[in-house]
Amino acid sequence: MLGLPEDILLLLFSYSGTQALGSLAQVCRKFHSLISRDTLWRRIAKASLNTGITRLGRDTVPHIALKERVQVSQNWQRGRCRQEILLRWKCKDGKIIVCDTYNSFYAAYSAHNQEVNCIDSRGHVIVSGSRDKTARIWSLSSNRLGESLHTIRTEDRVWSVAINPTLSSVMTGTACCGHASPLRIWDLQSGQLESSLGSDFRRGAGVLDILYETPSVVLTCGYDTYIRQWDMRASTRRSMMEWEEPHDSALYCLQSDGNFMIASGSSRYGVVRLWDKRQTKTLQVFFLSSPSSSPVYCLRFTTSHLYAALAHALYTLDFTTSEPRHEN
């Protein structure tokens, strides 16, 4: 078998699984060299993409946040929330709508003086951020629904908010038009400032999306064209890893599978990029907007599909075919 040509050996090895390849790589130096080539691992790596987003062993269809310019009924937006609670907000008049999808409950209340840019919910708490330079914490408890618990004055327009999974704090991402860091952490119980992240943001490098992977690890993106991974156990002054958008476009949104995969949505031409945290360059790119240009306002992905909201359509991309499909 050692005398067979390399292409024949590679073909034979391609029928082996990961454990068999590991065993074969220990046979001799020639096998080890051949099995170390990327061509044998592409199929295995592709099958492992987007792991970690299953619930009870099955993919779940995620909520899509519809931004202001997405043309939907009454121009409502929808935010991240618990599965049974649907949160919506209307930009122009600063209202928040709470709907219980199981009990047909519906409530609307005025949240801000100007348009609401972002919203997040965990447990019995809602946090909203607005152009009026405040983030507000609201109760989602049935006996206190619509009650404002705290008002956080950021002194800057709030573009993104995310509640820590431990329900201990909330992070705000602002426009970075002042001297303060655009990433700040506030105590959820008191609304007081706890700490800031980063010390070298350029003026105008606003943060457009925040995603907690764990209580101490968070991903951010925004106008400065970078995806940043922060680990607050190691440092609050500098991000641990960075990935730069190669075409210098602002990044409107991001999503992670909780493992190695990140998806990002750009500000122009409906560009969605897939990243592997173990690499610095883009793993794969999809152009969803043609012929007109549109930002990707929100995206979610499962083990098999990616869902993206653009200006005039919702797109579904099947990873097995790489062909986008849109629904007006």
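- Looking only at distances, no side-chain donor or acceptor of N164 sits under 3.5 Å from a matching main-chain atom of S169.
- Distance alone, capped at 3.5 Å, places no donor-acceptor pair between the T282 side chain and the Q284 backbone.
- Annotation: the span from R29 atom CZ to L34 atom CG amounts to 14.5 Å, rounded to 0.5 Å.
- A donor-acceptor pair shorter than 3.5 Å cannot be found between the side chains of Q229 and E242.
- Atoms OG and CG, on S33 and L9 in that order, are 11.0 Å from each other to the nearest 0.5 Å.
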| Going through the checks in order, is the side chain to side chain contact (heavy atoms under 4.5 Å, CB included) test met by R37 and E6? | CA-CA 12 Å; R37 297 184 182 180; E6 288 188 357; 3.1 Å; yes
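- Taking 4.5 Å as the limit, some side-chain heavy atom of W243 sits within range of a side-chain heavy atom of I262.
- I152 and I137 make their closest contact through CD1-CD1, 4.1 Å (heavy atoms, listed as atom of the first residue, atom of the second, distance).
- At a threshold of 4.5 Å between non-hydrogen side-chain atoms, the residues H247 and V271 do not count as touching.
- Of all heavy-atom pairs between D187 and S168, the closest is OD1-O, 3.7 Å.
- Between the CG atom in L188 and the CE atom in M171 there is a gap of 13.0 Å [rounded to 0.5 Å].
- Screening residues 177-186 for side-chain hydrogen bond (donor to acceptor under 3.5 Å, both in side chains), with sequence neighbours left out, gives T172-W186.
- By the 4.5 Å side-chain criterion applied to Ile, Leu, Val, Met, Phe, Trp and Tyr, Y226 is assigned to no cluster and stands alone.
- No continuous path of hydrophobic side-chain contacts links V217 to M241 [ILVMFWY only; heavy atoms under 4.5 Å].
- Side-chain polar atoms of T134 and H112 form a donor-acceptor pair below 3.5 angstrom.
- Although no hydrogens or angles enter the test, the distance criterion places no donor-acceptor pair under 3.5 Å between the side chain of D276 and the main chain of M261.
- With sequence neighbours left out, R136 forms a salt bridge (Lys or Arg N to Asp or Glu O under 4.0 Å) with no residue at all.
- Not counting sequence neighbours, W230 has no partner by the ring pair (Phe, Tyr, Trp, His ring centres under 6.0 Å) test.
- In this structure, D224 CG and C176 SG are separated by 8.5 Å, a value rounded to the nearest 0.5 Å.
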* Asked: side chain to side chain contact (heavy atoms under 4.5 Å, CB included) between L10 and L40: does it pass, once the steps are laid out?
  -> CA-CA 7 Å; L10 288 171; L40 280 177; 3.9 Å; yes
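- In the hydrophobic cluster analysis, where Ile, Leu, Val, Met, Phe, Trp and Tyr join through side-chain heavy atoms closer than 4.5 angstrom, F301 is grouped together with L283.
- Between the side chains of D156 and T154, no donor-acceptor pair of N or O atoms lies under 3.5 Å.
- Residues F13 and F31 bring their aromatic ring centres within 6.0 Å.
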Quick one, V296 with L310, criterion side chain to side chain contact (heavy atoms under 4.5 Å, CB included). Give me CA distance, side-chain angles, the key distance, then yes/no. CA-CA 5 Å; V296 180; L310 274 66; 4.1 Å; yes
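- For E245 (side chain) and S249 (main-chain N/O), a donor-acceptor pair under 3.5 Å exists by modelled atom type.
- K133 places no side-chain N or O within donor-acceptor distance of the main-chain N or O of V158, the cut-off being under 3.5 Å.
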Item to complete: Test H150 against S148 for side chain to side chain contact (heavy atoms under 4.5 Å, CB included), laying out the working first.
Response: CA-CA 6 Å; H150 299 288; S148 178; over 6 Å; no
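- Distance alone, capped at 3.5 Å, is enough to place a donor-acceptor pair between the D209 side chain and the L254 backbone.
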- request: Determine, step by step, whether E147 and S139 satisfy the side chain to side chain donor-acceptor pair (under 3.5 Å) criterion, reporting the C-alpha distance in whole Å, the side-chain angles of both residues, the deciding distance to 0.1 Å, and the verdict.
  value: CA-CA 6 Å; E147 179 181 341; S139 173; 5.7 Å; no
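- The shortest side-chain heavy-atom distance between V285 and V272 does not fall under the 4.5 Å cut-off.
- Taking all atoms of both residues into account, the shortest heavy-atom contact from G173 to I210 is N-CD1, 3.5 Å.
- Between L251 and L208, the closest side-chain pair of non-hydrogen atoms is not below 4.5 Å.
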Distance-only criterion, 3.5 Å: show the donor-acceptor pairs between side-chain atoms of residues 191-206 and protein atoms not counting sequence neighbours.
from: R203; atom 1: NH1; to: C177; atom 2: O; distance (Å): 2.6
from: R203; atom 1: NH2; to: C177; atom 2: O; distance (Å): 2.7

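- There is no side-chain donor-acceptor pair under 3.5 Å between S130 and Q114.
- Atom CG of L167 is separated from atom CD of Q189 by 8.5 Å, given to the nearest 0.5 angstrom.
- Hydrophobic cluster of L11: the remaining members, joined at side-chain heavy-atom separations below 4.5 Å, are Y15, listed by chain and number.
- No donor-acceptor pair closer than 3.5 Å links the side chain of N117 to the backbone N or O of G129.
- Heavy atoms of other residues, nucleotides or ligands lying less than 6.0 angstrom from CZ of R238 number 12 at most.
- To the nearest 0.5 angstrom, I227 atom CD1 is 10.0 Å from S256 atom OG.
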- prompt: Should K281 and E244 be marked as a salt bridge (charged side-chain N to carboxylate O under 4.0 Å, His left out) after you check the CA-CA gap, both sets of side-chain angles, and the distance that decides it?
  reply: CA-CA 8 Å; K281 295 184 178 180; E244 184 178 10; over 6 Å; no
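- A donor-acceptor pair under 3.5 Å is absent between the side-chain atoms of S121 and the main chain of I126, judged by distance alone.
- Nearest approach of W275 to T280, heavy atoms of both residues: CZ3-O, 3.8 Å.
- For the residue pair R268/S293, the side-chain donor-acceptor check at 3.5 Å is not satisfied.
- Heavy atoms only, all atoms of each residue included: A263 and L274 are closest at CB-CD2, 3.8 Å.
- If you check the side chains of W138 and S128, you find a donor sitting under 3.5 Å from an acceptor.
- Residue R233 comes nearest to S216 through the heavy atom pair NE-OG, 3.2 Å, listed as atom of the first residue, atom of the second, then distance.
- Within a 6.0 Å radius of CD in Q279, other residues, nucleotides and ligands contribute more than 12 heavy atoms.
- Panel note: side chain H305, backbone T316; no donor-acceptor pair is recorded below 3.5 Å.
- L4 is listed as a side-chain neighbour of L12, based on a closest heavy-atom distance under 4.5 Å.
- R273 forms no cation-pi arrangement with F286, by the criterion of a distance under 6.0 Å to the ring centre and an angle within 45° of the ring axis.
- Side chain of Y252 to main chain of S267: no donor-acceptor pair is present (N/O by atom type, distance under 3.5 Å, no hydrogens or angles).
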